[in-house]
Amino acid sequence: MTTHKDFRGILVPHITPFNRDGSIDTEALEVLVDYWLRSGVHGLVPCASNGEGPYLTREERASITRCVLELASSRVLVIGAVAAPGTHEAVAQARLLADMGVDAILATPPFYYTPDKRELLAHYQYFLDHVDVPVLLYNVPKFVGYSIDISVLETLVEEYSQIVGIKESSGVAWIVTELTRRLRDKVSVFAGTGDTLLHTLMMGGAGGIIAVAIIAPRICVELYKSFTSKDYEKAAELQK
């Protein structure tokens, strides 16, 4: 049985390469995935924010994720990302990716309309009731226009054992600290921005799902390994 302790390390929320006509450049994607795997990362997250997920059709999302799954060959975690303004489309995307064999789903909050806490809780409850795969919740106020209240995250984690992690992309240190204080024993808390990676680890977090790992994966992996081996001075230098 998969638990949150299986979700750790440096995961790359990677870009999607396109040809000039707008089609997916699968040859470039193969080169990039090989580069990230050789760099020692612990997982790949296709079609998230840096992968321009909200712009992709359901078919494009499936094609990219299928390609990454084949290239990764179970060597690292592959977390499929979903993003939709509405709950039913988010569920449809997640089910498609779950059927393909992803290890988990990264669930972007609804966007365009801003839900209140009650509506957001109802959205995620419906989503989790209809998706049979581990799920990471994604706090990304920069792109959706609001931050998920910690009380909502806490309620969902208490209710649903399939939640294995949270990607915290606010970049706000006190939110990272409070999340890890409340939830680090129940889910894996991941830094969602590179500038909070070491802080997240120090507070008890599990690693990072960070854009800087796209271009500097080895430094990110080395920072993580330095921290886990208790070489905190080296980890601090790498963070700088």
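Along the sequence shown, residues carry numbers from 1.
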Could you check if a side-chain atom of [X] sits within less than 4.5 angstrom of a side-chain atom of [Y], using non-hydrogen atoms only?
{"X": "Q125", "Y": "L156", "result": "yes"}
{"X": "P109", "Y": "V140", "result": "yes"}
{"X": "I148", "Y": "Y124", "result": "yes"}
{"X": "K230", "Y": "Y232", "result": "yes"}
{"X": "V164", "Y": "L136", "result": "yes"}
{"X": "V135", "Y": "Y160", "result": "no"}
{"X": "S49", "Y": "K142", "result": "no"}
{"X": "H88", "Y": "H130", "result": "no"}

Rounded to the nearest 0.5 Å, how far apart are [atom1] of [X] and [atom2] of [Y]?
{"X": "L197", "Y": "I219", "atom1": "CG", "atom2": "CD1", "result": "12.0 Å"}
{"X": "L198", "Y": "M203", "atom1": "CG", "atom2": "CE", "result": "9.0 Å"}
{"X": "I209", "Y": "T193", "atom1": "CD1", "atom2": "OG1", "result": "12.0 Å"}
{"X": "L120", "Y": "D149", "atom1": "CG", "atom2": "CG", "result": "9.0 Å"}
{"X": "S226", "Y": "E222", "atom1": "OG", "atom2": "CD", "result": "5.0 Å"}
{"X": "D103", "Y": "D6", "atom1": "CG", "atom2": "CG", "result": "9.0 Å"}

Is it true that a side-chain atom of [X] and a backbone atom of [Y] form a donor plus acceptor pair closer than 3.5 Å?
{"X": "T228", "Y": "K225", "result": "yes"}
{"X": "H42", "Y": "I10", "result": "yes"}
{"X": "T180", "Y": "V176", "result": "yes"}
{"X": "R66", "Y": "M100", "result": "no"}
{"X": "R75", "Y": "A72", "result": "yes"}
{"X": "R61", "Y": "A81", "result": "yes"}
{"X": "E168", "Y": "G192", "result": "no"}
{"X": "E60", "Y": "T57", "result": "yes"}
{"X": "T196", "Y": "H199", "result": "no"}
{"X": "N19", "Y": "D21", "result": "no"}

Over all heavy atoms of both residues, which pair between [X] and [Y] is shortest? Give the atoms and the distance, please.
{"X": "S39", "Y": "V221", "answer": "O-CG2, 3.8 Å"}
{"X": "V131", "Y": "Q162", "answer": "O-NE2, 2.6 Å"}
{"X": "V33", "Y": "L44", "answer": "CG1-CD1, 3.9 Å"}
{"X": "P110", "Y": "Y146", "answer": "O-OH, 2.7 Å"}
{"X": "V189", "Y": "T200", "answer": "O-CG2, 3.7 Å"}
{"X": "F7", "Y": "T3", "answer": "CD1-O, 3.4 Å"}

Verify side-chain contact (heavy atoms from CB on, under 4.5 Å) between Q93 and I105, making sure each step is shown before the conclusion. CA-CA 10 Å; Q93 291 178 14; I105 295 293; over 6 Å; no
Does a donor on one side chain and an acceptor on the other come within less than 3.5 Å for D231 and S229?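 Absent: no donor and acceptor within the cut-off.
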Would you check if there is a donor-acceptor pair between the side chains of T16 and Y55 at a distance under 3.5 Å?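 No, no side-chain donor-acceptor pair sits under 3.5 Å.
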M202 atom CE: more than 12 heavy-atom contacts under 6.0 Å: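 Counting neighbours around CE of M202, 12 or fewer heavy atoms of other residues, nucleotides or ligands fall under 6.0 Å, so no.
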Taking atom CG of L71 as the centre, report whether more than 12 heavy atoms of other residues, nucleotides or ligands fall under 6.0 Å from it.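 Counting neighbours around CG of L71, more than 12 heavy atoms of other residues, nucleotides or ligands fall under 6.0 Å, so yes.
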Give me the one residue out of P217, P46, C47 that meets side chain to side chain contact (heavy atoms under 4.5 Å, CB included) with H14.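 Exactly one pass, corresponding to P46.
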Let me see the working for Y224 and L201 under side-chain contact (heavy atoms from CB on, under 4.5 Å), right down to the final yes or no. CA-CA 8 Å; Y224 175 79; L201 291 169; 3.9 Å; yes
Given K240 and E237, is the salt bridge (charged side-chain N to carboxylate O under 4.0 Å, His left out) satisfied, shown in steps? CA-CA 5 Å; K240 294 172 187 176; E237 287 302 313; 3.2 Å; yes
Intermediate values then yes/no, side-chain contact (heavy atoms from CB on, under 4.5 Å), W36 and V76: CA-CA 10 Å; W36 293 316; V76 298; over 6 Å; no
Any carboxylate oxygen within less than 4.0 angstrom of a Lys/Arg side-chain nitrogen, looking at E178 and R181?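 Yes, E178 and R181 are salt-bridged.
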Derivation of the side-chain contact (heavy atoms from CB on, under 4.5 Å) call for V31 and Y35: CA-CA 6 Å; V31 173; Y35 165 65; 5.7 Å; no
